[in-house]
Amino acid sequence: MTWDFLLGQFATQFGLWWVIWPAILLGIVVGVLPGFSPQNTLIMLLPLTLAVPVEQALAFMIALYCANHLAGGIPAILVKIPGSGGAAATTLDGYPMTQKGQAQQALVLCFTASVFGGLITTLATLALLPWLSQIGLVLRSVEMVVVMLFGLTLIAVIAAKDFLKGLIAGFFGLLIGVIGTDHIYNTPRATFGFLELYDGVPLVPALIGLFAISEALVMLEEKLIVGKEGQAKAVSAQWAGIIDGLRLSVKYWWQIIWTAFVGLFIGIVPGAGASIAAFVAYQQSRLWSKHPELYGTGIPEGVIAPEAANNGVTSGTLVPTLALGVPGGSTAAVMMIVLQYHGLVMGPRLFATNPEVAYGVFVSMAVAYIFMIFTILPLARYMSRIVLIETTYLAPIIILVTIVAAFVERQYLFDMGLALVFGVIGYIAHKTNYHVTAILIGIILGPLFEQYLVRALRISQGDITILFSSTLGNTLWALLVLSLLLPLWRTWQQKKALAAEQFGEER
Amino acid sequence: MNKAPLGADLIIPALALCFAAYFFFSIVDLAWEAKANGVLIGTVLIVLIAIQAVRVGMELAAGRGDLSLATLVAPRDALGKRLGMVLLTVIFIAAMPWLGLTLSLFLGLAAALYLMGVRRRTQLFWVPFSVAASAYSLFIALLNSDLPHGPVENAVTALAALL
């Protein structure tokens, strides 16, 4: 790969602006709606992508994919309804920022973290592709068990206010996540006799119910979702809010970079995805923060970490697709179908036979991110005014439109009913302080944790010591233990310092 | 002294306990690989629920709480709207296969706005109309999704065929 080749690729992709821009706009519109994942949007648009030349199809799919990942954070910040599982962690600090009247800043942080996180990891992927493709081979089921545990420890973090209630919510979610057929014999478990649950509890109805419907039902208590201070700030939203958001983005530039790389590494592992990456990045960000106690109260780092990781995943999922011919996720699988239809076979040979496509994917992604920041940034000022719509109108629209979106992923009416059931559970959990995010983490990570654990145990014929059989795995175990002990050590240090301070005052 | 309404605090544990019991019942005859993870999670969950029950029991015994559901139903003036909205959503889901996406969304939203206290006819028409038209444009016309088709979708298709 020479500089001339690379510059030529960038020039070609910039020339496809007329394909990229509509794809970005469509990606943002469908990304805001929970239920419209990039893969089902791309499946619906297959007649279009199969009909146009491969370069245009690729640019369209990549731009839509990246924009979709970015847009999921918008409703998560404004109305506490994540547009996708990857944005669920964004609600933890994004929505409190909105309630404090900092919706504009939170949106700008979401956009810059997504765009620059995505852009940096895309450029890193371009430069390090041969080495990165090995990560998927190194991280096996044993190591992935520990990665899943990193995400699951977030339940304990969320449960900080009422530890017992948080753990009950988390384990309830984990048990719901076990619904469906098992990974070895395909025997159904706790499906209530519904065939629709044989594949497990679908994430989209769970997400819509636990966040959108439950939040809309709670919303009815107030006239507006923000307080008087928030209203005043939203009414007088000026460009200064955007500039302040940009200032915060520059201030936390290192946070954007390292959490984006968390997303990239997790995205490379086939089957892992944006949801895991976002939760792990949030947990790690909190762990290494100087003020972990402020997470969940509406701080910039809490928005940056999941959003940067969420978009770091976009380039990661394409690494095994292109380098090994193994789709890194469902969206990558759809892209693979389109490329194969055009006669391109995925795998290492693609870089020799069609380098303009193999590298073009990542160049296209970088160009899409550049276009995206100029498209979406000015919109933050106007989007932040959504909080001024009265809940009388907002709540019914949210409930009925998101219920419709629950249908889209699998095309079952059953999923709409399931979303309503989760909505009622979420409402009860919300009102009684059983954290819905803890339930969702269980539902998302539970099945994956089981999948990797059972696979590892199957390989070892039931010998649990396999979990401690690899150097990388053991290093991850050590880091996990460290991440659990570090907060305890910090608390002990703080108490010690406080005691010393009080003793000094008494003297 | 105001007593804490602890009844509502037991709903999620009760739901979780019922589900755990059903889960254990459903996996009795399965191979260990199929049930190991669930048994582990379910057991921990039951232990946690037991601790919560003891905690609530101690509060009740000390006279600091009662079993009322006040947390869940408060504020009372929003309760009717909430229950109405849930009922309306059930009807909306049930009616969609016959009415199709556009008409059911229009009628459902109009009814929901009325339930929320909106009485101005222009708003009762134009808000549902614009949402239903947007949903039709995005889901049916642009993305050609398999959402249920009804009289509106069929009429538009027939009209398009004529043109």
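Chain naming here is simple, since letters A, B, ... match the order of the sequence lines and numbering starts at 1 in each. This is a predicted model, so every value here is computed, not measured.
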Test log, rule side chain to side chain contact (heavy atoms under 4.5 Å, CB included), inputs A/I399 and B/L88: CA-CA 10 Å; A/I399 291 174; B/L88 190 74; over 6 Å; no

So what's closer than 4.5 Å to chain B heavy atoms on A/V454: side chain, backbone, both or neither? side chain

In terms of heavy-atom proximity below 4.5 Å to chain A, should B/V127 be classed as side chain, backbone, both, or neither? side chain

So which atom in A/L413 and which in B/P97 form the shortest heavy-atom distance, rounded to 0.1 Å? CD1-CG, 3.2 Å

B/I27 portion near chain A, given a 4.5 angstrom heavy-atom threshold: side chain

Heavy-atom contact with chain A under 4.5 Å, split by part of B/V47: neither

CG (B/L30) and OG1 (A/T187) are apart, to the nearest 0.5 Å, by 4.5 Å

Could you walk me through whether A/V404 and B/M96 pass side chain to side chain contact (heavy atoms under 4.5 Å, CB included), step by step? CA-CA 10 Å; A/V404 169; B/M96 195 184 278; 3.7 Å; yes

B/R55 versus A/K165: any side-chain heavy-atom pair under 4.5 Å? yes

Distance in Å, A/I403 CD1 paired with B/S104 OG, rounded so as to fall on 0.5 Å steps: 11.5 Å

Evaluate the side-chain proximity of B/D146 to A/V408: yes if any heavy-atom separation is below 4.5 Å, no if none is. no

What closest approach, in Å, do A/T432 and B/A8 show between heavy atoms, and which atom pair accounts for it? CG2-O, 3.4 Å

Would you indicate whether the side-chain heavy atoms of B/L45 and A/L174 approach each other to under 4.5 Å? no

Which atoms form the tightest heavy-atom contact between B/L72 and A/Y427, and what is the distance? O-OH, 2.8 Å

Nearest heavy-atom contact between B/S26 and A/A190 is OG-N, 3.0 Å

Residue from B/F25, B/F23, B/Y22 scoring the most non-hydrogen pairs under 4.5 Å with chain A is B/Y22

State whether the side chain of A/Y434 and the backbone N or O of B/D9 hold a donor-acceptor pair below 3.5 Å, judged by distance alone. yes

Please examine the side chains of A/F449 and B/N37, heavy atoms only from C-beta on, and report whether any two atoms are closer than 4.5 Å. yes

Can you tell me which portion of B/F139 sits under 4.5 Å from chain A's heavy atoms? Options are side chain, backbone, both or neither. side chain

Pairwise distance CZ(A/F171) to CD1(B/I49) - rounded to 0.5 angstrom: 11.5 Å

Portion of B/F92 that has a non-hydrogen atom of chain A nearer than 4.5 angstrom: side chain

If you apply the rule salt bridge (charged side-chain N to carboxylate O under 4.0 Å, His left out), what do you find for B/R82 with A/E221, and how did you get there? CA-CA 10 Å; B/R82 274 198 202 108; A/E221 291 170 16; 2.5 Å; yes

B/A111 versus chain A, the contacting section by heavy-atom distance below 4.5 Å: neither

A/I213, part contacting chain B, at a heavy-atom distance under 4.5 Å: neither

Under 4.5 Å, counting heavy-atom pairs only, tell me which of B/L113, B/L79, B/T89, B/I41 racks up the most with chain A. B/I41

Find out whether B/Q123 and A/Y393 are in side-chain contact, i.e. whether some heavy atom of one side chain is under 4.5 Å from a heavy atom of the other. yes

List the atom of A/E450, the atom of B/E33, and the distance in Å for their closest heavy-atom pair. OE2-O, 4.4 Å

Contact leader toward chain A among B/A135, B/A78, B/G38, where contacts are heavy-atom pairs under 4.5 Å: B/G38

Against chain A, label B/A16 side chain, backbone, both or neither, depending on which of its atoms sit under 4.5 Å from a heavy atom there. both

Steps toward side chain to side chain contact (heavy atoms under 4.5 Å, CB included) verdict (A/F192, B/F19): CA-CA 10 Å; A/F192 297 93; B/F19 177 60; 3.8 Å; yes

For the candidates B/I11, B/V44, B/L15, B/D77, which exhibits the highest count of non-hydrogen atom pairs separated by less than 4.5 Å from chain A? B/V44

Report yes if some heavy atom in the side chain of B/W32 is under 4.5 Å from a heavy atom in the side chain of A/I184; otherwise report no. no

Picking from B/L40, B/L142, B/I51, which has the most non-hydrogen pairs under 4.5 angstrom with chain A? B/I51

To the nearest 0.5 Å, atom CG of A/L220 lies from atom CE of B/M85 at 8.0 Å

Is the closest side-chain heavy-atom distance between A/F414 and B/I93 below 4.5 Å? no

When you measure from the side chain of A/R189 to the backbone N and O of B/A34, does any donor-acceptor pair fall under 3.5 Å? yes

Check whether any side-chain heavy atom of B/M116 sits under 4.5 Å from a side-chain heavy atom of A/T391, and report yes or no. no

